[in-house]
Amino acid sequence: MSTNILDELEWRGLIAQSTDRNALRSELDGPDPLTLYCGFDPTAPSLHAGNLVPLLTLRRFQQAGARPIVLAGGATGMIGDPRDTGERTLQTADVVAEWASRIRGQLERFVEFDSSPTGALVVDNLDWTGGQGVLEFLRDVGKHFSVNVMLGRETVKRRLAAEGMSYTEFSYLLLQSQDYLRLYREHGCRLQIGGSDQWGNIVGGVELIRRVEGGTAHALTVPLVTDSEGRKFGKSTGGGNIWLDPEMTSPYAWYQYFVNVADADVGRYLRLFTFLSLDEIEALEKDIAERPHLRAGQKRLAEELTTLVHGEHHTRQVVAASQALFGRGELRELDAATLDAALAEIPTVTARLTEQPTIVDLLVNSGLTDSRGAARRTVNEGGAYVNNTKISDEAWHPSESDLLHGRWLVLRRGKRNLAGVQVVRS
RNA sequence: GGCAGGUUGCCCGAGUGGCCAAAGGGAGCGGACUGUAAAUCCGUCGGCUUAGCCUACGAAGGUUCGAAUCCUUCACCUGCCA
């Protein structure tokens with residue numbers, strides 16, 4: 001098995017921290033495929049863009065000849081990993097189970113399942129934690145953890161300095177450590193990867209394996225991605241997460257998010273999120289430096305990621321829609337089929353001409369603004385457009401001649417928030 | 001269980017009886033510039049049938065012509081003590 005994977009992860013900027021690199025390298029050099037795992041807790045009904053970094057890293061390892069285990073955190077999701085911002089709200093068992101199964105379905109799409117030695121495994125930690133007794137847990141796992149050490153963890157220190165932390169969240173480390181031990185025993189798993197915020201939890205497992213089994217296991221974390229402003233990656237401009245689930249974030253919105261990545265971030269994102277070679281990435285970076293307005297890097301990044309998550313078919317559609325809607329040409333010049341296809345990718349509503357809906361009505365009904373007040377503000381600020389023509393009168397309403405191909409209005413708020421209005425008669 | 005401090009809009013945070021839909025900052029949103037970028041500057045930023053009305057300062061009650069501000073009870077958080 002090739003150990004180049006570590007070198008590749010290095011140049012991609014995918015290694016935040018790791019246990020002894022040389023020991024890990026010899027582990028990868030062994031005769032059998034290395035087994036590694038990464039866990040994903042169901043804290044929402046879908047994975048988000050940020051989860052892609054560890055998930056794709058798992059896939060990179062598999063392509064390099066390792067065997068990946070993806071773990072859905074049906075148990076750990078019931079507890080909640082302590083975070084700096086404060087105590088989490090517990091979800092009911094039903095909700096966690098529902099989210100876990102949805103996330104599991106998403107995880108399965110990113111690794112290969114086959115009967116070869118590197119074929120992936122999917123597990124759920126609820127399977128071995130659900131029926132476990134408290135006394136057993138406290139004696140077999142808890143006894144190996146020092147509270148002194150746990151209190152020294154960064155997240156714990158920060159939480160104790162602020163609003164405190166429940167015993168439940170404090171216990172999270174033990175659960176995740178137990179998972180690693182379990183997978184070490186059952187599947188010979190020798191490496192756990194995760195986001196850099198998971199370092200303490202992963203090392204907890206490494207320690208546990210050493211104490212209980214006298215064995216050596218490894219830890220490797222990938223960076224938590226932030227943009228050049230230091231903002232957490234994967235937050236849409238509106239502040240919400242961008243999700244893998246197409247019902248929660250449409251393929252069009254997903255593509256648009258990446259097309260809009262700042263120049264300063266593109267090269268780094270191409271390394272972190274795509275499987276392009278270093279040569280290809282450097283060529284794109286050169287292009288961005290020389291001809292930034294073409295946004296070749298952003299477009300490639302968006303295409304790669306849309307294909308990865310939604311497939312080639314959807315990528316072709318959203319690329320075509322983006323070209324039609326953001327192209328230099330007049331919307332009026334688009335033929336009916338192109339316009340229909342483009343509008344199919346963005347939110348649309350219907351309206352009746354006879355009801356004389358105003359621009360304010362249209363903005364609200366299409367979801368482009370949250371309230372009538374916001375819609376009026378948008379119009380008064382000069383940010384409302386119909387068919388690329390600015391509308392500055394709150395009372396404006398469409399007439400027959402405004403319709404594209406007899407039935408469409410293309411509504412826009414600001415530079416890039418679009419919605420289609422299908423106008424029906426009667 | 002006792003004592004002390006706290007709970008304000010998306011977030012942080014000021015406000016101790018009227019001038020408070022509530023300072024300031026951040027985020028967000030719109031505009032200008034540009035390249036569907038960044039930076040910068042300007043504007044905006046609870047809702048509505050918008051010269052007015054409604055909702056809102058942890059919850060419920062009370063005092064008052066008038067309460068985010070005072071009183072009572074409750075909930076939660078933090079610290080110290082038991």
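We use all heavy atoms of the structure for the numbers below, so side chains are in, but hydrogens, waters and symmetry mates are not. Just so we're on the same page: letters track the sequence lines, and every chain starts at 1.
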Item to check | Closest-nucleotide 5' rank along RNA chain B - winner of A:His293 and A:Ala384 | outcome: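 The residue mapped nearer the 5' terminus is A:Ala384.
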
Checklist entry - 5'-most contact on RNA chain B: A:Tyr255 or A:Leu160, nearest heavy atom basis? => result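 So the residue in question is A:Tyr255.
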
Say you pick atom [atom1] in [N] and the same atom in [M]; how far apart are they, in whole Å?
| N | M | atom1 | value |
| --- | --- | --- | --- |
| B:C54 | B:U7 | C1' | 25 Å |
| B:A51 | B:C57 | C1' | 27 Å |
| B:C76 | B:A37 | P | 49 Å |
| B:G17 | B:C71 | P | 12 Å |
| B:A56 | B:A22 | C1' | 10 Å |
| B:C45 | B:G62 | P | 35 Å |
| B:G66 | B:C81 | C1' | 42 Å |

If only side-chain N and O atoms count, and only distance matters, is there a donor-acceptor pair under 3.5 Å linking [Y] with [X]?
| X | Y | result |
| --- | --- | --- |
| A:Glu280 | A:Ser277 | yes |
| A:Asn125 | A:Gln178 | no |
| A:Trp99 | A:Asp41 | no |
| A:Gln176 | A:Thr76 | no |

Item to check | Shortest side-chain distance from A:Arg295, nucleotide among B:C45, B:G35, B:G43 | outcome: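 Nucleotide nearest to A:Arg295's side chain: B:G35.
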
Checklist entry - With respect to the side chain of A:Lys415, which nucleotide from B:G31, B:G35, B:A38 is positioned closest? => result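 Looking only at heavy atoms from C-beta outward on A:Lys415, the closest nucleotide is B:G31.
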
Taking [X] for the side chain and [Y] for the main chain, is one N or O donor matched with an acceptor at less than 3.5 Å?
| X | Y | result |
| --- | --- | --- |
| A:Asp124 | A:Leu126 | yes |
| A:Ser366 | A:Leu363 | yes |
| A:Gln298 | A:Val261 | yes |

Between [atom2] on [N] and [atom1] on [X], what's the gap in Å once rounded to a whole number?
| X | N | atom1 | atom2 | answer |
| --- | --- | --- | --- | --- |
| A:Met165 | B:U78 | CE | P | 11 Å |
| A:Ile288 | B:A38 | CD1 | P | 14 Å |
| A:Leu368 | B:G28 | CG | P | 19 Å |
| A:Glu290 | B:G35 | CD | C1' | 16 Å |
| A:Arg412 | B:G31 | CZ | P | 8 Å |
| A:Asn417 | B:G28 | CG | P | 13 Å |
| A:Tyr257 | B:A37 | OH | C1' | 13 Å |
| A:Arg300 | B:A37 | CZ | C1' | 20 Å |

Any side-chain N or O of [X] under 4.0 Å from OP1/OP2 of [N]?
| X | N | answer |
| --- | --- | --- |
| A:Asn380 | B:G43 | no |
| A:Arg413 | B:G30 | yes |
| A:Arg416 | B:A37 | yes |
| A:Lys390 | B:G31 | no |

Checklist entry - A:Ser322 near the nucleic acid: base, sugar-phosphate alone, or nothing, with a heavy-atom cut-off under 4.0 Å? => result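 Base, at least one base heavy atom under 4.0 Å.
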
Please enumerate all protein N or O atoms sitting under 3.5 Å from an N or O of nucleotides 48-50 of chain B, with distances to 0.1 Å.
from: B:C48; atom 1: OP1; to: A:Arg372; atom 2: N; distance (Å): 2.6
from: B:C48; atom 1: OP2; to: A:Gly373; atom 2: N; distance (Å): 2.9
from: B:U49; atom 1: OP1; to: A:Arg372; atom 2: NE; distance (Å): 3.1
from: B:U49; atom 1: OP2; to: A:Arg372; atom 2: NE; distance (Å): 3.4
from: B:U49; atom 1: OP2; to: A:Arg376; atom 2: NH2; distance (Å): 3.3
from: B:U50; atom 1: O4; to: A:Arg376; atom 2: NH1; distance (Å): 3.1

Is it true that [X] and [Y] make a salt bridge, defined as a side-chain N closer than 4.0 Å to a carboxylate O?
| X | Y | result |
| --- | --- | --- |
| A:Asp20 | A:Arg25 | no |
| A:Arg425 | A:Glu400 | yes |
| A:Glu303 | A:Lys299 | no |

Checklist entry - Dot-bracket for RNA chain B, 5' to 3', with Watson-Crick and G-U pairs under 3.5 Å, [ ] for crossing pairs and | for other-strand pairs: what is it? => result ((((((((.[[[..)..(.....]]].(((((.......))))).(((...)))...[[[[[..)....]]]]]))))))).

Checklist entry - Mind checking whether A:Leu58 and A:Leu107 have side chains closer than 4.5 Å, heavy atoms only? => result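 Counting from C-beta outward, A:Leu58 and A:Leu107 never come under 4.5 Å.
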
